[in-house]
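Notes follow once the structure below has been shown.
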Amino acid sequence: WVVACRRRRFVVRLDDDAELDCVLRGRSLTPACGDRATVTRVAGGGVIESIAPRRSLVYRSDAFNQKLVAANVTLICGVVAPGISVDLELVHRWTVAAEAEGCAFVLAANKADLPEFPELLARLEPFAGLGYPVVPLAATRDASPLLPWLAGAHTVLVGQSGMGKSTILNALAPDADAKTGEV
């Protein structure tokens with residue numbers, strides 16, 4: 001599995017759980033995190049030879065560029081929080097992306113400890129009404145309310161800057177050591 005992408009270098013977790021730093025064979029491949037890759041060991045690392053067919057592909061795009069985010073995703077977890085202008089248009093786009101790729105979708109309503117949190121839940125009620133789970137949590141204290149949704153899923157966290165994606169990641173996978181900051 002491709003577990004990290006850094007420009008033209010990739011980290012692949014092998015079947016024995018060892019990780020191998022890899023480069024690409026040629027320029028025709030565009031791996032994303034979550035891709036199942038065939039690699040060949042070479043001195044100093046490995047070479048990605050091929051990528052297995054994808055079940056799903058999550059990407060960001062604008063009028064000029066497309067950036068792969070993750071492959072073989074089964075769950076998209078949108079992270080929103082009060083105190084920052086939540087762009088509900090983005091939440092709509094996340095739900096459409098999840099539906100288009102055959103992925104489940106859940107909204108993590110983070111920062112439940114803030115006084116504006118009830119207003120956020122009210123703004124998210126239309127999504128809950130459509131059947132999308134809205135999971136309240138305060139990731140700095142306890143991110144475990146998300147665990148039942150993440151169990152057995154290949155998940156990508158999406159959200160605006162400052163919503164708490166890295167804090168959630170660090171709470172659920174402390175070895176991730178994702179950078180966080182004050183908003």
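Both backbone and side-chain heavy atoms feed into the values below; hydrogens, waters and symmetry mates do not.
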Check: Quick check: does any side chain N or O of N72 sit under 3.5 Å from a backbone N or O of R55, one acting as donor and the other as acceptor?
Finding: yes
Item checked: Polar side-chain atom of N110 near backbone of A81 as donor-acceptor pair, under 3.5 Å -> no
Next item on the list: May I ask whether L75 and Y59 are part of the same hydrophobic cluster, defined by side-chain heavy atoms of I, L, V, M, F, W, Y residues being less than 4.5 angstrom apart, directly or through others?
Entry: no
Notebook entry, point to check: What heavy-atom pair brings P136 and V134 nearest, and what distance separates the two atoms?
Noted result: CD-O, 3.4 Å
Notebook entry, point to check: At what distance, to the nearest 0.5 angstrom, does CH2 of W1 lie from CZ of R36?
Noted result: 5.5 Å
Note to self: Return the CZ to CG distance between R41 and L20, rounded to the nearest 0.5 Å.
What the structure shows: 5.5 Å
Next item on the list: State, to 0.1 Å, how close P126 and A122 come at their nearest heavy-atom pair, and which atoms those are.
Entry: CD-O, 4.0 Å
Note to self: Is there a continuous path of hydrophobic side-chain contacts, each under 4.5 Å between heavy atoms, that joins L150 to V69?
What the structure shows: yes
Next item on the list: Could you walk me through whether L137 and I168 pass side chain to side chain contact (heavy atoms under 4.5 Å, CB included), step by step?
Entry: CA-CA 10 Å; L137 67 134; I168 290 169; 4.2 Å; yes
Next item on the list: Without swapping roles, check the side chain of D35 against the backbone of A32 for a donor-acceptor pair under 3.5 Å.
Entry: yes
Margin query: Hydrophobic cluster membership, with links at side-chain heavy-atom distances under 4.5 Å among I/L/V/M/F/W/Y: are V106 and V96 in one?
Written below: no
Note to self: Check whether Q160 reaches the backbone of D87 with its side chain - one donor and one acceptor, N or O, closer than 3.5 Å.
What the structure shows: yes
Check: Just by modelled atom types, is the A18 backbone N or O under 3.5 Å from a matching donor or acceptor in the D16 side chain?
Finding: yes
Margin query: Show the nearest heavy-atom pair for residues I76 and V158, with the distance to one decimal.
Written below: CG2-CG2, 3.8 Å
Notebook entry, point to check: Nearest heavy-atom pair of P145 and V135: which atoms, and what distance?
Noted result: O-CG1, 3.6 Å
Next item on the list: Quick one: pull up CG in L146 and SG in C77 and give me the separation to the nearest 0.5 Å.
Entry: 5.0 Å
Note to self: In the structure I gave you, are the side-chain heavy atoms of R6 and V11 within less than 4.5 Å of one another anywhere?
What the structure shows: yes
Notebook entry, point to check: For D17 and R13, what are the C-alpha separation, side-chain angles and deciding distance, and is it a side chain to side chain contact (heavy atoms under 4.5 Å, CB included)?
Noted result: CA-CA 6 Å; D17 282 338; R13 182 167 297 136; 3.7 Å; yes
Next item on the list: Is it possible for you to say whether L29 and V39 belong to one hydrophobic cluster, with membership spreading through side-chain heavy-atom contacts below 4.5 Å?
Entry: yes
Notebook entry, point to check: Say you draw a straight line from CZ of R25 to OG1 of T40; how long is it, rounded to the nearest 0.5 Å?
Noted result: 6.0 Å
Margin query: So which atom in C5 and which in F10 form the shortest heavy-atom distance, rounded to 0.1 Å?
Written below: SG-CD2, 3.6 Å
Checklist line | Output field: ring centroids F105/Y132 closer than 6.0 Å | finding: yes
Item checked: K165 side-chain N/O to L157 backbone N/O, donor-acceptor pair under 3.5 Å -> no
Notebook entry, point to check: Does one hydrophobic cluster hold both V79 and L114, with members joined at side-chain heavy-atom distances below 4.5 Å?
Noted result: no
Check: Heavy atoms, side chains only, cut-off 4.5 Å: are W149 and P133 in contact?
Finding: yes
Checklist line | Nearest heavy atoms of E19 and V3, plus distance in Å | finding: OE2-CG2, 4.1 Å
Next item on the list: Measure from the side-chain N and O atoms of R123 to the backbone N and O of V86, and report whether any donor-acceptor pair falls under 3.5 Å.
Entry: yes
Check: How far does CD1 of I48 sit from CZ of R9, to the nearest 0.5 angstrom?
Finding: 10.5 Å
Checklist line | Straight-line distance of T95 OG1 to L130 CG, nearest 0.5 Å | finding: 8.0 Å
Notebook entry, point to check: Can you find a heavy atom in the side chain of L24 that is under 4.5 Å from one in the side chain of R8?
Noted result: yes
